[in-house]
Amino acid sequence: MEKPTLPKGTRDFGPLQMARREYIFQTIRSVFQLYGFQPIETPAMENLSTLTGKYGEEGDQLLFKVLNSGDFLKDIERISLASIDSKNLAPQVAEKGLRYDLTVPFARYVVMNRHEITFPFKRYQIQPVWRADRPQKGRYREFYQCDADVIGTDSLTCEAEIILMIKAIFRRLGITDYSVKLNHRGILAGLASAMHASGKEGSLFVAIDKLDKIGEVAVRAELTERGFDTKAIDLLFQTLAFKGSNQEKLDMLNKSFADSPGVKDVRAVLQLLHSYGDNEEHVEFDISLARGLTYYTGCIFEVKVHGVAIGSVSGGGRYDNLTAIFDAREKSSGVGISFGVDRIYDVMDALNLFPEKTQATSDVLTCHLDEASSHYAMRVAATLRNHGISAEVYPDQAKLKKQLEYADKKKTRFVVVIGEDEMRSGQLTVKEMKTGTQEKMKLDELIRRISDQN
RNA sequence: GUGAAUGUAGCUCAGUUGGUUAGAGCAUCAGAUUGUGAUUCUGAGGGUCGCGGGUUCGAGUCCCGUCUUUCACCCCA
């Protein structure tokens with residue numbers, strides 16, 4: 001028999017990892033709820049027609065397609081099979097695909113359920129997504145996203161609240177050294193038009209986005225190769241090279257490009273932050289932030305944790321036309337943020353930020369020495385459970401040594417040893433595993449002590 | 001999708017120019033200790049050297065293919 005393996009880029013999660021993942025999920029979920037977002041879920045599979053064309057050419061290639069059920073070649077002319085290539089065959093044999101993100105299914109959901117939705121609609125969604133990417137560090141083929149989106153309002157308070165949520169989540173997770181990068185597609189568009197590059201925004205944005213990774217020289221080379229003239233490139237770097245506070249950058253842009261809507265929006269978002277009693281700590285207006293996803297139209301965000309070599313752990317932005325793709329009459333503006341749990345996990349692991357208590361376990365193991373005491377142990381465990389204390393009975397007749405080893409490995413807090421003496425006197429032998437101290441006490445006393453600590 | 005590296009016990013890794021029966025630490029199991037874990041001592045089990053083919057008298061070692069993982073590109077959480 002061959003050893004079983006996992007599909008490339010997928011992973012199992014053991015109890016320790018799950019405890020830590022749950023900790024992240026809970027933290028994010030509680031903050032989302034604190035800001036009035038409501039949960040929804042959508043299917044793992046969508047119709048391919050829903051997914052294709054929403055993420056750019058590259059994105060389409062990364063979609064996992066699901067082979068049609070039954071005889072999927074039935075309706076294809078056999079003659080054409082000989083000449084057809086896989087690119088043209090795919091849409092004929094696969095009409096479903098695994099979701100690539102949570103935003104597009106959400107837009108689909110909004111269009112399909114608009115009569116039941118109260119706008120502005122604030123939803124959050126925590127589910128896995130799949131991308132047929134080549135895996136590497138911090139990049140998986142199956143990973144969880146935690147999205148919060150507001151749809152049906154173009155108020156910039158949403159942008160401000162998104163930043164507040166990011167800060168709240170990272171504060172609760174204990175991540176302190178990070179920055180929320182903020183930019184606006186309108187500013188990038190203004191830059192593009194100043195460079196006389198309208199129509200070539202795509203390649204321009206992609207090149208700009210790489211600036212902090214490959215450096216100015218390489219970006220210049222790439223832009224030259226893509227047909228931008230030196231004068232335009234100089235103008236670009238003159239703008240990007242500007243160092244200063246968020247305000248100073250905005251003022252600089254104002255002088256160079258007049259008061260564009262993008263600049264106004266960013267200024268307003270930053271001001272709103274102060275209206276909420278918060279500040280611009282961790283928030284960095286970054287003109288070089290571009291982001292690839294094609295559907296963004298307004299503010300865009302990205303979160304980078306410093307000191308860890310991993311991509312962005314969170315990203316999002318405003319999209320004005322996403323629902324219109326599914327229904328032309330539907331023109332609701334939306335804005336959202338997505339947290340990548342798997343990358344946040346990697347970051348926290350690398351920075352050693354997981355609290356010790358995330359290991360889930362039981363409070364008490366009742367150990368027994370023979371048949372009679374095992375029944376007594378069951379009653380003890382049942383009583384403890386009735387008081388909300390998690391308790392286990394060691395299932396087999398085994399040496400005490402073995403039972404204690406089990407408790408040790410599971411990091412059980414207390415062990416109750418039950419033998420003839422304990423049954424006769426009702427004085428249970430209670431051992432605290434961490435300290436190794438042991439004392440005799442009645443069950444009531446044990447319940448009181450643990451309840452006090454919990 | 002393009003280019004490169006990697007794979008030896010459950011884990012981390014040794015293994016010389018191709019040469020006898022592939023090793024270590026940790027982990028596991030058993031005993032020392034028939035009512036006491038995490039510390040100590042003794043012993044034991046555990047391998048298709050990723051998989052398939054080739055070269056050779058002989059391959060963990062060299063060659064080809066393939067899969068996995070990792071890295072860079074592309075893109076992204």
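Chain letters run A, B, ... following the sequence lines, proteins first and then strands; every chain starts at 1.
With C73(B), G35(B), U36(B) as the candidates, the nucleotide lying closest to the side chain of Glu422(A) is G35(B). Here U36(B) is the nucleotide among C76(B), U36(B), G35(B) with the atom lying nearest to any side-chain atom of Leu404(A). Closest to the side chain of Glu405(A), from the set C73(B), A38(B), U2(B), is A38(B). In this structure, of U36(B), A38(B), A77(B), it is U36(B) that holds the atom nearest to the side chain of Leu400(A). Among the nucleotides G35(B), U2(B), A77(B), the one closest to any side-chain atom of Arg131(A) is A77(B). Listed nucleotides G31(B), G37(B), A72(B) differ in distance to Lys399(A); the shortest reach to its side chain belongs to G31(B). Relative to the side chain of Gln145(A), the nucleotides A77(B), U70(B), A38(B) differ in distance, and A77(B) lies closest. With A30(B), U28(B), G35(B) as the choices, the nucleotide that has an atom nearest any side-chain atom of Lys402(A) turns out to be A30(B). Closest approach to the Lys137(A) side chain among A77(B), G31(B), U70(B) is made by U70(B) (side chain taken as heavy atoms from C-beta onward). Of the candidate nucleotides G35(B), U28(B), A77(B), A77(B) has the atom nearest to the side chain of Arg343(A).
For the 3.5 Å distance criterion, the side chains of Tyr376(A) and Glu422(A) fail to qualify, holding no donor opposite an acceptor. With hydrogens and angles left out, the side-chain atoms of Tyr124(A) and Gln33(A) include a donor and acceptor closer than 3.5 Å.
Note: Tyr178(A) and His282(A) have parallel aromatic rings, judged against thresholds of 30 and 60 degrees for the angle between ring planes.
Using a 4.0 Å cut-off, no side-chain N or O of Lys431(A) falls inside it from OP1 or OP2 of G35(B). A close approach under 4.0 Å does occur between a side-chain nitrogen or oxygen of Gln136(A) and OP1 or OP2 of A72(B).
Comparing G58(B) with U17(B), their C1' atoms sit 15 Å apart, to the nearest whole Å. Comparing the P positions of U55(B) and G47(B) gives a spacing of 30 Å, expressed to the nearest Å. Across G1(B) and A59(B), the matching C1' atoms stand 35 Å from one another, rounded to whole Å. G7(B) sits 15 Å from A14(B) when the C1' atoms are compared, rounded to a whole Å. Comparing the same atom, C1', in G15(B) and in G23(B) gives a spacing of 7 Å after rounding to whole Å. With C1' as the reference atom, G50(B) and U70(B) are 15 Å apart, rounded to whole Å. Rounded to the nearest Å, the gap between the P atom of C29(B) and that of A38(B) is 11 Å. Atom name P, nucleotides G25(B) and A44(B): the rounded distance is 13 Å, in whole Å.
Regarding Gln127(A), its CD atom lies at a distance of 15 Å from the C1' atom of A77(B), rounded to whole Å. In this structure, Ile175(A) atom CD1 and A77(B) atom P are separated by 17 Å, rounded to whole Å. If you take CG of Asp101(A) and C1' of C75(B), they are 14 Å apart, rounded to a whole angstrom. A straight line from CE of Met423(A) to P of G35(B) spans 13 Å, rounded to a whole angstrom. Distance CD (Gln125(A)) to P (A77(B)): 15 Å, rounded to an integer number of Å. Rounded to whole Å, atom C1' of U69(B) lies 13 Å from atom CZ of Arg11(A). If you take NE2 of His368(A) and P of U36(B), they are 16 Å apart, rounded to a whole angstrom. Taking atom CZ of residue Phe170(A) and atom P of nucleotide A77(B), one finds them 13 Å apart after rounding to whole Å.
Residue side chain Gln403(A) does not reach the base of U36(B) through any donor-acceptor N/O pair under 3.5 Å, judged by distance alone. Arg134(A) contributes no side-chain N or O that forms a donor-acceptor pair with the base of C74(B) under 3.5 Å.
Using a 4.0 Å heavy-atom criterion, one finds that Asp421(A) contacts the bases of the nucleic acid, with or without backbone contacts as well. Within the 4.0 angstrom heavy-atom criterion, no nucleotide atom of any strand lies near Glu142(A). Residue Tyr144(A) is out of contact with every strand shown, counting any heavy-atom pair closer than 4.0 Å. Nucleic acid contact class of Val313(A) (heavy atoms, under 4.0 Å, all strands): sugar-phosphate only. Here Gly315(A) lies in heavy-atom contact (under 4.0 Å) with sugar-phosphate atoms only. Residue contacts shown for Gly316(A) are absent, as no nucleic acid heavy atom lies under 4.0 Å away.
Pairing for U33(B) is absent, judged as Watson-Crick or G-U wobble with the two contacts each under 3.5 Å. C74(B): no Watson-Crick or G-U partner with both key distances under 3.5 Å is found in any strand. Look at U20(B): it lacks any Watson-Crick or wobble partner with both distances under 3.5 angstrom. When both pairing distances are held under 3.5 Å, A5(B) makes a Watson-Crick or G-U pair with U69(B).
Test His306(A), Lys304(A), Glu281(A) against Ser179(A) for side chain to side chain donor-acceptor pair (under 3.5 Å) and you get one pass: His306(A).
Taking a cutoff of 4.0 Å between a charged side-chain nitrogen and a carboxylate oxygen, Arg318(A) and Asp265(A) do not qualify as a salt bridge. By the 4.0 Å N-to-carboxylate-O rule, Arg11(A) lies close enough to Asp342(A) to be salt-bridged with it. Ion pair Asp452(A)/Arg449(A) not flagged as a salt bridge, since none of the NZ, NE, NH1 or NH2 atoms sits closer than 4.0 Å to an Asp/Glu carboxylate oxygen. Salt-bridge formation is detected for the pair Glu445(A)/Arg448(A): a Lys NZ or Arg NE/NH1/NH2 atom is positioned less than 4.0 Å from an Asp or Glu carboxylate oxygen.
Each of Glu222(A) and Lys401(A) was matched to the nucleotide of RNA chain B holding its nearest heavy atom; the match closer to the 5' end belongs to Lys401(A). Both Gly138(A) and Lys8(A) lie near RNA chain B, and the one whose nearest nucleotide falls closer to the 5' end is Lys8(A).
Closest approach of Ala290(A) and Arg185(A) over heavy atoms only: O-NH2, 2.9 Å.
A77(B) has its base stacked against the ring of Phe143(A), the centroids being under 5.5 angstrom apart at an interplanar angle below 30°.
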